[in-house]
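Notes follow once the structure below has been shown.
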2 protein chains.
Amino acid sequence: MRINIKRDSKIALYIQIKNQIRDMIYSKRLPLNYVLPSERELAKILDVNRSTVKKAYEELKSEGLINSEVGRGTYVVFCDEDELITKSNNCKKHLFWDEIYNESSKNNYADVMSRIMKISDNDKTISFAGGIPSPDLFPKDEFGKVQMDLCKSKLEIMFLHSPVSGNNELKKEIKKLMLNREVRVSTNNIMITSGSQQGLDLIARTFVNCNDVILVEEPTFFGAIQLFQTLGAKVVGVPIDEDGIRVDVLEYLVNRLKPKFIYSIPNFQNPTGITMSLKRRYELMKVVEKYGIPIIEDDPYGEIRYEGEELPSLKALDKNGYVIYLSTFSKVISFGLRVGWIVAPERVINKLSLVKQLTDLHVNTLGQHMICEFLRQGYYENHIKKIRKEYHLKRNLMIKKLEENFKELEFYRPQGGFYLWCKFPDNIDFNLLLEKSMKNGVNYIPANFFYANNEVESKFIRLNFTYPANEEIITGLKRLRNSLDETIKETN
Amino acid sequence: MRINIKRDSKIALYIQIKNQIRDMIYSKRLPLNYVLPSERELAKILDVNRSTVKKAYEELKSEGLINSEVGRGTYVVFCDEDELITKSNNCKKHLFWDEIYNESSKNNYADVMSRIMKISDNDKTISFAGGIPSPDLFPKDEFGKVQMDLCKSKLEIMFLHSPVSGNNELKKEIKKLMLNREVRVSTNNIMITSGSQQGLDLIARTFVNCNDVILVEEPTFFGAIQLFQTLGAKVVGVPIDEDGIRVDVLEYLVNRLKPKFIYSIPNFQNPTGITMSLKRRYELMKVVEKYGIPIIEDDPYGEIRYEGEELPSLKALDKNGYVIYLSTFSKVISFGLRVGWIVAPERVINKLSLVKQLTDLHVNTLGQHMICEFLRQGYYENHIKKIRKEYHLKRNLMIKKLEENFKELEFYRPQGGFYLWCKFPDNIDFNLLLEKSMKNGVNYIPANFFYANNEVESKFIRLNFTYPANEEIITGLKRLRNSLDETIKETN
């Protein structure tokens with residue numbers, strides 16, 4: 001057995017030893033049962049520390065190639081064909097997929113959700129469940145033009161690869177958009193993502209260790225809760241009131257639980273529709289600065305304000321770069337293109353890019369170019385004005401119909417966004433209500449999905465008013481009324 | 001303190017108790033230092049098991065809301081304002097981002113790789129590093145037509161949301177494609193992914209637990225190694241010879257190490273270019289069946305064969321549904337659209353969809369429609385013929401130039417795919433060679449990235465011949481020649 005050590009190599013000595021013995025075993029130059037020199041002997045021969053040989057042998061043992069026994073020494077165990085033959089006499093082993101999923105995939109929490117969501121593919125069901133913009137408001141004329149222009153000028157480029165962190169021209173447009181939101185950043189602070197869901201995923205995968213605590217508003221977006229929990233985090237809810245997250249509770253929990261980060265949706269919060277007051281935003285940022293804790297600001301709806309005064313984002317109030325800001329074009333331009341973005345300190349963007357590269361390399365180039373061109377040609381401002389107006393009308397329609405037909409319901413009147421968060425009276429059987437509703441062809445998301453422990457006696461449901469057409473809002477609420485009546489009748 | 005228990009609720013009793021006490025604490029109905037009933041007392045009052053109250057109290061303790069002390073009992077600790085005020089007298093705590101990344105993000109292995117890759121954005125550098133198709137071979141006329149047609153017929157649909165597992169029309173086209181590959185599946189066995197990188201990511205996130213062993217060919221695709229390691233897996237390499245993965249070693253390691261799955265690239269393997277022989281494929285499948293272990297078959301290059309006979313994929317030989325098959329349009333149609341797919345048992349597809357939903361909801365709709373239409377209109381077959389021919393010529397050109405100018409090099413002659421795997425003579429300083437090459441404006445990927453332990457004394461580099469234009473292949477190899485000469489000169 002001859003081993004050549006290179007002392008000037010960058011490769012650790014023990015790895016050199018391990019690799020060479022491994023090669024000799026696999027090429028059968030060292031046959032089954034061959035007795036290796038003892039650690040002491042080999043160390044002496046190679047003139048290395050005994051611990052170096054020990055480490056090499058340990059690695060080889062962990063790969064199942066050698067074994068040690070008192071009295072017998074260290075010997076090669078590859079390849080004991082008898083052992084394998086014995087094995088082959090037994091029956092074939094069956095593969096049970098359900099047994100080999102990892103821990104985080106074993107819960108089937110998300111199953112129920114996809115069952116609710118799937119119904120929306122059904123033609124006749126009216127969906128108040130999604131968080132999807134109105135198909136009628138997609139700016140098709142503008143996109144028709146954009147597409148024609150791009151076909152002429154950039155047909156090839158649109159189909160080639162992009163940088164991992166995104167197309168630089170698009171970043172420049174987003175930089176301008178952020179300036180309108182009173183946030184001054186460089187393109188190095190921006191990363192393009194496949195919607196904000198991916199932004200959240202990349203952040204979670206970069207920061208979350210198993211058992212980390214993450215503080216979230218309670219209730220909050222189910223996609224965030226599930227994602228964090230899938231990665232092994234302990235998600236702890238902080239109550240919200242009409243001014244947003246309760247900062248007194250938040251500070252207390254930050255101090256006690258040392259969370260990895262805070263996740264917040266300050267504008268037209270999902271699901272409650274509540275907008276964090278300016279005072280509360282300042283208080284929140286004070287806690288963030290005091291404890292040096294990052295905050296993930298998720299702002300998919302910020303531009304979709306119908307009434308009231310615009311408020312600065314947390315990122316705009318962030319003097320120290322502690323806020324990671326997420327936004328997306330999914331709610332305002334096109335859901336299907338899957339283009340969103342992250343604003344964060346450059347070092348964080350670089351770290352997130354490494355994860356992005358392993359995840360899916362980059363956001364689809366075509367979608368980036370289309371959005372970029374849409375912004376560059378100046379269609380954005382008018383489009384936003386249009387959807388604000390239309391969603392405002394839809395919100396009012398849903399409120400009117402709820403007030404007319406659901407006198408027992410209470411709900412918050414959101415100044416923008418996509419949802420109404422409706423409180424039912426006591427003693428409604430919510431499982432039965434959901435069942436009845438799905439049978440009657442209307443769906444929505446029940447409250448428990450928006451809570452970290454998912455087991456909560458909540459009287460709320462979330463209704464989306466942007467996706468359904470006006471007549472669907474009317475018909476859908478009639479179906480909900482019937483479902484509620486049937487539920488009450490059956491339980492009394 | 002009044003707690004209402006609902007015995008007919010689906011919510012566990014201890015959670016009901018916990019939630020109600022928590023609400024009372026946050027609303028300050030139970031003030032700081034309020035002493036709660038003992039577990040025994042409360043159990044008696046509510047007529048529940050003492051262990052139920054114990055569990056509720058434990059949850060409240062873990063959220064930092066109550067505390068127990070001998071002699072003092074269990075009391076509310078929210079909200080000790082003195083504690084927070086003391087804290088605020090101290091300086092603000094600074095946030096050090098580098099300290100809060102999770103374990104898997106702490107290694108900066110991928111950093112070096114992105115440095116190499118980034119060079120390819122530099123105008124003057126010639127890149128043999130990527131795994132990217134030739135920009136000149138993008139079927140632009142066909143895509144121009146496809147885009148026009150879609151603009152007329154489906155303008156809106158292209159920008160709306162898609163099902164999580166992908167567009168059904170595209171799945172039907174892929175089903176046909178799979179039939180050509182001798183694999184008969186239903187659309188329920190297919191999931192559309194954002195390139196095969198995402199397919200791999202979804203699989204890894206669904207199956208891999210920390211410390212799981214995964215067996216891979218050695219060397220293999222760095223993106224797979226890094227991904228698996230990021231999720232905490234122990235990646236163990238199985239040597240390959242000219243017939244592909246060494247099944248004798250594989251079976252031995254399967255038996256010894258009980259791996260979670262095997263990852264293999266049977267066609268024009270990355271980086272070696274080796275194609276697994278038919279005999280070896282049968283042997284491999286025998287081991288898979290014998291031990292009931294899943295195998296991930298990554299097949300991005302299978303269609304790009306220049307010579308030799310087509311071989312059935314592992315999936316085509318898979319009688320029991322143990323193979324998860326990955327492929328993509330990135331290498332043959334468009335890299336930038338990010339459209340790939342997974343073929344797997346339906347139960348596995350459903351599980352993967354749940355992860356996909358948390359990751360980025362769905363693959364961009366526009367890309368799915370474009371690829372679908374490209375296939376539907378029958379452009380695929382001719383396009384494949386064309387790229388086979390062109391890449392064949394490029395491969396031959398690179399081989400010719402290598403043979404002319406690098407007499408000291410050995411390399412395997414691949415029957416298809418994207419890469420030449422070149423072996424240098426002994427005593428080349430590979431770090432210096434890489435440095436020189438990057439300075440001279442040519443890049444490639446050194447061997448160590450393709451090994452699980454990344455520390456290996458390997459004499460190989462991987463050269464890609466599909467992305468560079470013909471004249472770039474010639475110039476790039478001249479630069480490599482100069483870099484090699486400089487390296488030899490400086491080290492002697």
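Just so it is clear: chains get the letters A, B, ... in the order the sequence lines come, proteins before strands, and each one is counted from 1.
Using a cutoff of 4.0 Å between basic side-chain nitrogens and carboxylate oxygens, Asp98(B) and Arg347(A) are scored as salt-bridged. One finds a salt bridge joining Asp201(A) and Arg205(B) here, because a Lys/Arg side-chain nitrogen approaches an Asp/Glu carboxylate oxygen to under 4.0 Å.
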For this session: Please lay out, stage by stage, how Arg338(B) and Ser194(A) fare under the test side chain to side chain contact (heavy atoms under 4.5 Å, CB included).
Result: CA-CA 11 Å; Arg338(B) 310 304 308 133; Ser194(A) 181; over 6 Å; no

Exercise. After noting the C-alpha distance and the side-chain angles of Asp136(A) and Glu156(B), does the key distance pass the side chain to side chain contact (heavy atoms under 4.5 Å, CB included) rule?
Worked result: CA-CA 9 Å; Asp136(A) 301 331; Glu156(B) 287 161 50; 5.6 Å; no

For this session: Might you work through the side chain to side chain contact (heavy atoms under 4.5 Å, CB included) test for Tyr26(A) and Glu218(B), ending with a clear yes or no?
Result: CA-CA 12 Å; Tyr26(A) 280 148; Glu218(B) 183 173 279; over 6 Å; no

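At a 4.5 Å heavy-atom cutoff, the contact between Phe138(B) and chain A is made by side-chain atoms alone. Leu352(A) does not touch chain B: none of its heavy atoms, backbone or side chain, sits under 4.5 Å away. Contact annotation for Pro294(B): both backbone and side-chain heavy atoms come within less than 4.5 Å of a heavy atom of chain A. Proximity to chain B (any heavy atom under 4.5 Å) is shown, for Lys286(A), by neither the backbone nor the side chain. Of the two parts of Val77(A), the backbone and the side chain both hold a non-hydrogen atom closer than 4.5 Å to a non-hydrogen atom of chain B. The part of Leu257(B) that comes within reach of chain A is its side chain, from C-beta onward, which places non-hydrogen atoms under 4.5 angstrom from that chain. With a 4.5 angstrom heavy-atom cutoff, Asn431(A) touches chain B only via side-chain atoms.
Atom-to-atom distance recorded for Leu95(B):CG and Asn320(A):CG is 8.5 Å, nearest 0.5 angstrom. One finds the OG atom of Ser27(B) at 7.5 Å from the CZ atom of Arg246(A) (value rounded to the nearest 0.5 Å). How far CG of Asn364(A) is from CG of Leu366(B): 7.0 Å, rounded to the nearest 0.5 Å. Annotation: the span from Ile132(B) atom CD1 to Leu160(A) atom CG amounts to 8.5 Å, rounded to 0.5 Å.
Counting only distance, with no hydrogens or angles, the side chain of Asp360(A) and the backbone of Gln197(B) share no donor-acceptor pair below 3.5 Å. Looking at Lys260(A), its side chain does come within 3.5 Å of a backbone N or O of Ile100(B) through a donor-acceptor pair.
A ring-centre distance under 6.0 Å is not found for Trp97(A) and Tyr322(B).
Checked against side chain to side chain contact (heavy atoms under 4.5 Å, CB included), Ser9(B) has the following partners two or more places apart in sequence or in another chain: Glu457(A), Lys6(B), Ile11(B), Gln16(B).
Aromatic ring pairs are classed by plane angle as parallel below 30°, tilted from 30° to 60° and perpendicular above 60°; the pair His161(A) and Tyr467(B) is perpendicular.
For Lys351(A) and Tyr101(B), the positive end sits near the middle of the six-membered ring, less than 6.0 Å away and at most 45° from its axis.
Nearest heavy atoms, Gln147(A) versus Cys151(B): OE1-SG, 3.1 Å.
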